[in-house]
Amino acid sequence: MNAARLALGTVQFGLAYGVANREGQVSEEAGRRMLALAAGGGIDTLDTAIAYGDSEARLGAIGTAGFKVVSKLPPLPPDVSDVDAWVQGQVRESLARLKVDRLYGLLLHRPLEVLGPRGPELCRALLSLRADGLAERLGGSFYGPEEIAEVWPTWRFDLMQAPLNLLDRRLATRGWLARLKDSGVEIHTRSAFLQGLLLMPRAEMPPRFARWAPLLASWQDWLAARGVSALRACLGYPLSCAEIDRVVVGADSPAQLRQILDEAAGPPCYPADIASDDEDLINPARWPAL
């Protein structure tokens, strides 16, 4: 595996995030150590968003020299009259918080907006940003293949992010990894640990996941039988996909990031047959209703 193909997700820099998070929001000092670890491990990309609390401001305070920064634009408010001015304002404020002159990538948090009534205006505003040199690549943060299939005929983005993990393999099994790569799209995947669920010991998994107990037990049994850490197996699958440019990983602490870097440097080993199409399980946005 190759740790240089990882990107550091920084939602934990601005929010207490993740079903298995016990550390809370990352402190500025811990964040500084994590960025130093990331750089030392070959990571060159940081993933953040305007909506991630004060993640951008914390990154700006620490300094992002040497990193490519990808951020995300929040949904367009319904009362905006001038879409271009709103987009310009949002991105320039983001750049000021980050203390950078430009973004490597700008993603729409809700890419389906390009199909709505303000879609053409939004696309023009994004292209204007790129023409002004404020963002090198444009794209969307997708929830799954269905959204990509809806957007792709209308908007040919050149950067995308979507979930891919041992349980949620839809990007690969439905052909989107190959199709997007063939079209020159830079592919970033997230949720390698399914918000930490796949890293939790069996006894610590919340009761709301009981209906998938047989599947999760198979996962734990596979790990035990082979003596492989959950971390290595979770990283092994996305890093084994040659089409993926960056695998976005989050960490709650410098120690956890160190573990991720160490495991990503080892040989890949992961189960071939543990997967699910049940969105109640593979889409964390649905978990609060379980």
Side-chain angles (χ1 to χ4, degrees), residues 5-11 13-14 35 38-39 43-77 80 82-116 118-143 147-148 150-152 154-163 180-181 183-190 244-248 250:
R5 286 176 59 215
L6 299 178
L8 180 60
T10 63
V11 61
F13 284 45
L35 260 60
I43 292 175
D44 67 358
T45 303
L46 302 176
D47 178 83
T48 188
I50 292 171
Y52 289 173
D54 58 359
S55 172
E56 289 186 331
R58 178 149 298 165
L59 288 173
I62 295 169
T64 61
F67 289 101
K68 297 185 288 189
V69 180
V70 177
S71 195
K72 305 179 192 73
L73 197 66
L76 182 69
V80 167
D82 188 331
V83 174
D84 184 67
W86 180 82
V87 169
Q88 286 274 342
Q90 290 289 312
V91 172
R92 289 184 185 278
E93 289 173 7
S94 178
L95 294 174
R97 287 189 293 270
L98 288 162
K99 297 181 182 178
V100 297
D101 296 327
R102 63 195 293 273
L103 295 171
Y104 176 72
L106 179 67
L107 305 177
L108 295 180
H109 236 141
R110 292 187 185 172
L112 290 179
E113 286 187 307
V114 302
L115 305 180
R118 312 297 296 275
E121 295 173 84
L122 185 56
C123 288
R124 285 194 296 270
L126 293 173
L127 291 174
S128 178
L129 280 176
R130 183 159 61 190
D132 291 342
L134 300 183
E136 182 176 337
R137 290 181 174 266
L138 304 170
S141 177
F142 294 89
Y143 281 100
E147 282 194 348
I148 299 171
E150 286 187 67
V151 169
W152 186 242
T154 298
W155 183 38
R156 294 302 175 98
F157 46 84
D158 57 13
L159 175 64
M160 65 82 69
Q161 186 189 112
L180 293 173
K181 182 52 62 178
S183 299
V185 176
E186 183 170 333
I187 299 173
H188 294 191
T189 62
R190 65 177 184 272
I244 296 173
D245 295 283
R246 294 293 182 272
V247 176
V248 180

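Along the sequence shown, residues are numbered consecutively beginning with 1.
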Test item: [X] side-chain N/O and [Y] main-chain N/O as donor-acceptor pair under 3.5 Å:
X    : Y    : result
Q161 : L107 : no
R124 : D84  : no
R58  : F13  : yes
R118 : V80  : yes
S55  : T10  : yes

Checking side-chain contact (heavy atoms from CB on, under 4.5 Å) for the pair L138/L127: CA distance, chi angles, key distance, verdict? CA-CA 8 Å; L138 304 170; L127 291 174; 4.2 Å; yes
Would you say the side chain of [Y] lies within less than 4.5 Å of the side chain of [X], judging by non-hydrogen atoms?
X    : Y    : result
V91  : I50  : no
L8   : F67  : no
L122 : L108 : yes
R246 : K68  : yes
L46  : L35  : yes

Can you confirm whether more than 12 heavy atoms, excluding those of Y143, are under 6.0 Å from its OH atom? no
Nearest-0.5 Å distance that lies between atom CZ in R102 and atom CG in L129: 12.0 Å
About how many Å separate OG1 of T45 and CG of D245, when rounded to the nearest 0.5 Å? 9.0 Å
I need the minimum non-hydrogen distance between [X] and [Y], along with the two atoms involved.
X    : Y    : value
A49  : H109 : CB-CE1, 3.8 Å
L73  : L106 : N-CD1, 4.1 Å
M160 : V185 : CG-CG1, 3.8 Å
G140 : P111 : CA-CB, 4.1 Å
L126 : W155 : CD1-CZ2, 3.9 Å
L98  : E56  : CD2-O, 3.7 Å

Given the rule in the side-chain contact (heavy atoms from CB on, under 4.5 Å) test, do L103 and L134 qualify, once you have shown the distances and angles that lead to the verdict? CA-CA 6 Å; L103 295 171; L134 300 183; over 6 Å; no
Applying the side-chain hydrogen bond (donor to acceptor under 3.5 Å, both in side chains) criterion to D47, which one of H188, K72, R190 satisfies it? K72
Can you classify the ring geometry of F142 versus F157 as parallel (below 30°), tilted (30 to 60°) or perpendicular (above 60°)? tilted
Considering only NZ, NE, NH1 and NH2 on the basic side and carboxylate oxygens on the acidic side, decide whether D54 and R97 come within less than 4.0 Å. no
side-chain contact (heavy atoms from CB on, under 4.5 Å) between E150 and L112: does it pass, once the steps are laid out? CA-CA 8 Å; E150 286 187 67; L112 290 179; 4.0 Å; yes
Evaluate side-chain contact (heavy atoms from CB on, under 4.5 Å) for V70 paired with V248, printing each intermediate quantity in order. CA-CA 11 Å; V70 177; V248 180; over 6 Å; no
